[in-house]
Each structure stands twice: as structure tokens, then as C-alpha cells.
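A short worksheet on the structure shown next.
Scope of the values below: all heavy atoms of this structure, side chains included, with no hydrogens, waters or symmetry mates.
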Amino acid sequence: MEAMDDHETNSGGKDEAKPIMVILMGAPGSGKSTFCDLVMRLPTRRPWVRICQDTIGNGKAGTKNQCLTGAASALKEGKSVFIDRCNLDREQRADFVKLVGPEVEKHAVALDLPAKLCISRSVKRTGHEGNLQGGKAAAVVNRMLQKKELPKLNEGYARITVCQDEKDIQAAINTYSALGPSDKLPLGFFGQKNSDAKVQLGIMKFLKKKDPPGCSDPVTNVSPENIQSHTTKEKDSNQVLESCEELKKASVGSSISLENAPTLAFPSISTADFHFNLNKASDIIVEKVEEYVNKLGNARLVLVDLSQNSKILSLVRAKAAEMNIDSKKFFTFAGNITKLYSEGGLHCNVIANATNWRLKPGGGGVNAAIFSAAGPALETATKARAGSLSSGKAVVVPLPSSSPLFSREGVTHVIHVLGPNMNPQRPNCLNNDYDKGCKILRETYSSLFDAFASIVRAQGEPCNFEKEFKGEVQLDQGSRNSDQKVKREAVCEADMNKKYKSFVKELGPNVGSSGDGNTDGQTRKAWGGWAQALYDTAMHPERHKNIIEMSDDVVVLNDLYPKAQKHLIVLARVEGLDRLADVQKEHMSLLKTMHSVGLKWAEKFLSENNSLIFRLGYHSVPSMRQLHLHVISQDFDSNHLKNKKHWNSFNSPFFRDSVDVIDEVSQYGKAILKDENILSMELRCHRCQSAHPNIPRLKAHISSCQASFPAFLLQNGRLVFLEGIDANH
DNA sequence: GTTCTAGAAC
DNA sequence: GTTCTAGAAC
């Protein structure tokens, strides 16, 4: 909570007094009323009004509407308000956020204290305004806490403070009581999450379905999106169940937002240590962003600076607005670039590092911060890519999964860039030659955005897919510089050994007949002996039992290790069609046949058990040779489902729905594949999307979760279930 | 794909 | 101490 300990108020601007609305949230007993009392005790500061649902009814139980009316009129009078009610879930808070326009800054202060503490306080107290005391309190608090959703920036708050202990609360009280009538607080997300949170972070966060869009406020400097489920820490299974219900509501009608999109977070290059003129730099940033932002499909660019009062951010913001740059695809963000997800809820899979020519840690600023946050893994991986960097250039470093930036923040790549130096105190200064400086800075941003584009393309984002097939040259900024080792393969450093081993294996006797050659520059694993079973079944079905249907095109068999009550495989019988990556337009009719055969079986199972729900699809990177379609019921009730890979191979974008594959192949001539790396991402319920720390807990949860499936799965026939039987239940 | 198991996490 | 994961062998 460094920010609050410093009493970071900014009374610099002589703005006229502007009221703010502070929405408190916390269980009974968390200390909301005390919080307000303590802040308001100081008469010299900002005029405050406390809107408390327990007292607003004048003896009778107050209503939410009374609170809304009360808050609106206080704000109209120019007073700042505290909304003192539990406000534990998003829906409860939403009406207050919507109450007034962007002219009133909305803050959230969450008093997120241990349940035990709130309960013991509630049980003990007498004379509570809401008359919640004694034995009943425990049950009520418990029930309420199960609904708890920590506030997120995308609900519309300019500032969020999460307090998890008394020290945090005191700091927040200090912050708000020191706030004069025209002072402004730094915006963004403040407050530590429990470091022992059970939430596993992985790349999933870039891919998961999101809250409905539309909460973005172009005036503020915060991301329009935020974390979905940091609230799952320490939840017991009951609580998770409860939150299913909430998510169920939330998932109805939600649409896919850009939060899934690949995102590059970058600092302003050369304007800190290298003293580049801010005005000129902001022109170049906006110019380059405008040039690239529409070439990047859905991918997003985010300019990040540590300070909310950052001059470069406000310059760029103003110029970007002038140029009408799509604020969903480009925005500024005040926060620590190494903690964008964990502290700011912003998902950035790629971050740029303004580094030094030696590509070494240290030197202060962003470079020191990124190297330090990423751990030694980044240094090693960087060394493997390049030994030095010249200005104007960029080098892409895939971040090993061992790096905390990868596991905690979900950063998969760091792009090092070196901008022009205008600081005479530093080596290679351009002596105020801004002609040259601007030219190099432009080149730097081009290198950066090209490098990002190459990552986006390599990840096969649908939005960029078409371009890839129009024969655009794959840019690999990282291997362009002459003074560095050329490593074309965009694989994680951590995978190098494995890949090398499998390459060596490939030379051995185990190689399958249909070449494991390199198409499109990607290394392919050789098939182990154990991986040939399906191939053999396809070629010689007569040698195998367990086959339930056979034709010239396909063989259908029960999966030997079913991962659900019903799990079968529709196997293609074409020689040389080892996996989805081999599928081309010429296989369209085969794909359709496989789909209809799979569908027929799903329908047969449905006729026997109408509560089943099926999904048909392929693994992006199968373990077994020979193209096969999985037809799997969505109960995942099976002892064979044992690990993360099992789960994620059926419940992440790694699983490619047959309907989508058919669309993609017909449109682009091949299917979009996801990397195996995503199999190590966090475990989330396929229905309510709640996160779970391990497989046993996940399985316990899914055995009873009845939440609606995400909207994505309910579309385009991705899920197969009986008409009239609602897949939501 | 599974099985086995060391050692991390609890 | 037990549970769980993840890597290697097959």
C-alpha cells in the first residue's frame, strides 16, 4: 500500500472543487461506518455526506432507492458522498456507479477483512444501526460473503482501494481525510491481493470470456477491462458454488470483448532517462500507433507509465483523442508495467522494455524493473537471442514459463527496444539533434510494433489470419540485427531442450511414415511408439476391437481412457492426415463427414440420456497420430481425467470446436491452432469459469456446478444438447 | 496417451 | 505427515 502511506494527494492543480462518490464495500462488521466517521471527523477538509442504508429510513429499514436519491442530491449540492452499505456484489454497486456521469469520479473502497473477524464483530455488537446483531449475524455475514466480488476497474471506478487489514484501513482513512475539496487522488487499483491467493494465473486470462463491454470511460486513464475472478481466493467449494449463480446471470447476453485480444503494453521510449522531448515523443507515439493500430486486427496497444500524473500519458491521450484513435484498441494506463495484471487487472501478453544496448538488467527505470520482476529467466532467454541492441531496433524474447512475469502476470513475450538518447550524461547522445532523434524514435516504435505483430501472427489470432495467408512476410525483428544469434523458432527458452530432444528422436527409428517435416517453420514432434495406436486403428481397423462404427472414411471407437461419461473418437482413415495442422481445403468433405458421424453418435447418446451435453472438436496439438475428432459429454465425470493437461485439452482454446474448424478451413484453408503452452494455464470451470487450485478441487466443483455455459459455447452449435432441454441447467 | 515418482505444496 | 503436480520413461 505504498501509495497510500505517502498521502499522495495532488493539490497542484487549482481545479474547482469536484465532488466524488466513494462506494464502500464490505460485510457487516467490516468497519464501513467507522471508516466514514473517522474520515468525516475532520471538519477542515472536503464536505462529505454519508449515505447509509441502515439510517436513511429514519428508523424503518432503508432501501437502495433511498440511498440512490440521497446520494444524487448530495452530489448535486457539491458534496462528496460515502455510500455506506455492503455493496458486496457488482450488481448491487452498479446502480450507484451509473447514478451520475463521468463528471463525478467514482471510487471504491473495499474493506476485505477476514470473514471470522466481521462475524465476531457483528455477533458481539449491540445497537447496530441495521439491527444486525447477536446469533443471526454469523449466518447473515457468512451468506453475504459468499456473494463477495471485489471491485474491478471496469465497473467504472476511477480508483479502487482494497483494504485487507487494519493497517490498510488506517492508510485509506488517512488518504481520504487528507483530501481537500479540489484535491485529486491517483487513479487506479491500490491494495494488495493476498499473496497466497489460490488463483492460478496462466495464459488463460487472455483467452477467457469476458464481462460485457461498454463500461469503458474514455476520459479516465484506466483500462476498460479488469480481472474477472480474483475473488476466488480462499473460497470453499460452497462459495464457489454460490458464485456460479452470479456468473450464470452475468454470462447471459455477454459478448466477446477485446479483452481476449493480444495486448502490448509499452512504456514511452526515450522520454525518461534519455530525455527525449515529451511533446515530440507524444506526436511520434500517436503517429505510429495510428499507423499500426488497424493493422493489428483486434490486438491492443497500451501506453503505460508509472505515474497517474504522467505528462506523456496526458499528452498522448489528448492527441490520440484528437486523431480519433479507437480507444478500445489503444489507451493509456497508469501503473507498474510489471504488475499490470496483478495490480491493475489489465491483461497484456506482451510487454516492451526500454532497455540498454547491452540488454542487461539494471540502470534504473523500466529496464531495471522488468528484469528484476522477470527474474533471471529473462536474462538467460535474452542472452540466447541477442548480445546487444542498436538504437531503433527491437528484439523479441519469449518469456520462459519459469518467470514470475509469465506465471503471475501472464506475459509471454518481452520485446526489448532501444530508443534514441538525448541525454548528454549518457553514452551515445545525439547532441540535441532532433532530426535524427525523431527518425530513430519512429524507427524504434516501428520495430516494436512490427515485432508485436509477428508475435500476434505466430499465435494465429483469427483477426490476423487472413493476412498471414496473403503471403505477408513474417517479420521477426528479433533476428534481424546482425550482431545477434539468429534463432528463428519462436519457442520458449524453457522448451528448447525438449524440442531438441524430440528432434533427435525424430532421426531415430520411430519416425512415422508420413514425414514429420517442417511445414510453416514449426518444429513437429515425432510420434512415439505409443502414439501410433490410432494410426494403426485407422489403417487396420480389423485388427482392433472397441470399434463401434466403420466406413471407408472414418472409424468410430470409444476412447480407451474416456474423460467423461461418454467420450468417443471419430477417426479419419486418410493416410498422411496426422493431425489438425495437416488439414487443408481438400479435406472439407471429410471434416463434414466426421462432424456428422460424431453428431449422430451424440444424438444417439442423447436419446438414451437427455441430460447429456456434448461438444465435438479437435485438439490443436494431438498426442496421438491420425486426425481424430473427440465427441465428449460435458460432465467430465471420469477417473481418467487426472491432470491439468487433460482438463485444458478439452476446456481451453486448445480444443477446437469442429464447427469452427470447418469454418476456418473453408475460409482460410486451414484451422487455427493454439500452442501446447496453453495447456498449463489455470484450471477453470467450463460452466461458471471459476478458478480452482488443483484437479481434485476442480472435479469436486464441476460435479455440482449447474451454471450456464459461456455464451461462446452456446453459439453456433458448439454444444450439442436436446432442444427443449436447457443447457443452462 | 499412461504410469511412475521425486519433490513441491499444503 | 499427506496430497498433488509435473517431468521422464515408455
- Message: Students often get this wrong, so: under 4.0 angstrom with heavy atoms, is A:I695 touching a base, only sugar-phosphate, or nothing?
- Response: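 Result for A:I695 = sugar-phosphate.
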- Message: Just to be sure I understand the rule, does A:H619 reach a base, reach only the sugar-phosphate, or reach nothing, if contact means heavy atoms closer than 4.0 Å?
- Response: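 The residue A:H619 makes sugar-phosphate contact but no base contact.
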- Query: Between the side chain of A:S620 and the main-chain N/O of A:F654, is any donor-acceptor distance below 3.5 Å?
  - Reply: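 Here the side-chain-to-backbone pair exists.
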- List the steps and the verdict of salt bridge (charged side-chain N to carboxylate O under 4.0 Å, His left out) for A:D657 and A:R615. CA-CA 7 Å; A:D657 290 279; A:R615 202 172 165 194; 2.7 Å; yes
- Can you list every pair that meets salt bridge (Lys or Arg N to Asp or Glu O under 4.0 Å) and has a residue in residues 583-603 of chain A, with sequence neighbours left out?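 Checked against salt bridge (Lys or Arg N to Asp or Glu O under 4.0 Å) - neighbours excluded - the pairs reaching residues 583-603 of chain A are A:E549-A:K600.
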Once you round it to whole Å, what is the distance between [atom2] of [N] and [atom1] of [X]?
{"X": "A:F654", "N": "B:dG1", "atom1": "CZ", "atom2": "P", "answer": "8 Å"}
{"X": "A:L560", "N": "B:dT2", "atom1": "CG", "atom2": "C1'", "answer": "9 Å"}
{"X": "A:N639", "N": "B:dT2", "atom1": "CG", "atom2": "C1'", "answer": "14 Å"}
{"X": "A:R697", "N": "B:dC10", "atom1": "CZ", "atom2": "C1'", "answer": "11 Å"}
{"X": "A:H628", "N": "B:dG1", "atom1": "NE2", "atom2": "C1'", "answer": "9 Å"}
{"X": "A:Y535", "N": "B:dG1", "atom1": "OH", "atom2": "P", "answer": "19 Å"}

- In chain order, what residues pass the ring-ring contact (aromatic ring centres under 6.0 Å, His included) check against A:H630, with sequence neighbours excluded?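 If we apply the ring-ring contact (aromatic ring centres under 6.0 Å, His included) test to A:H630, skipping adjacent residues, the hits are A:H567, A:H619, A:H628, A:F650.
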Would you tabulate the pairs of protein nitrogen or oxygen atoms and nucleotide nitrogen or oxygen atoms of nucleotides 3-7 of chain B closer than 3.5 angstrom?
from: B:dT3; atom 1: OP2; to: A:K642; atom 2: NZ; distance (Å): 3.1

- Query: Above 12 or not: heavy atoms from other molecules or residues under 6.0 Å from NZ of A:K699?
  - Reply: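 Enclosed: over 12 neighbouring heavy atoms sit under 6.0 Å from NZ of A:K699.
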- Item | Distance-only donor-acceptor check, side chains A:S633 and A:D635, under 3.5 Å |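 Yes.
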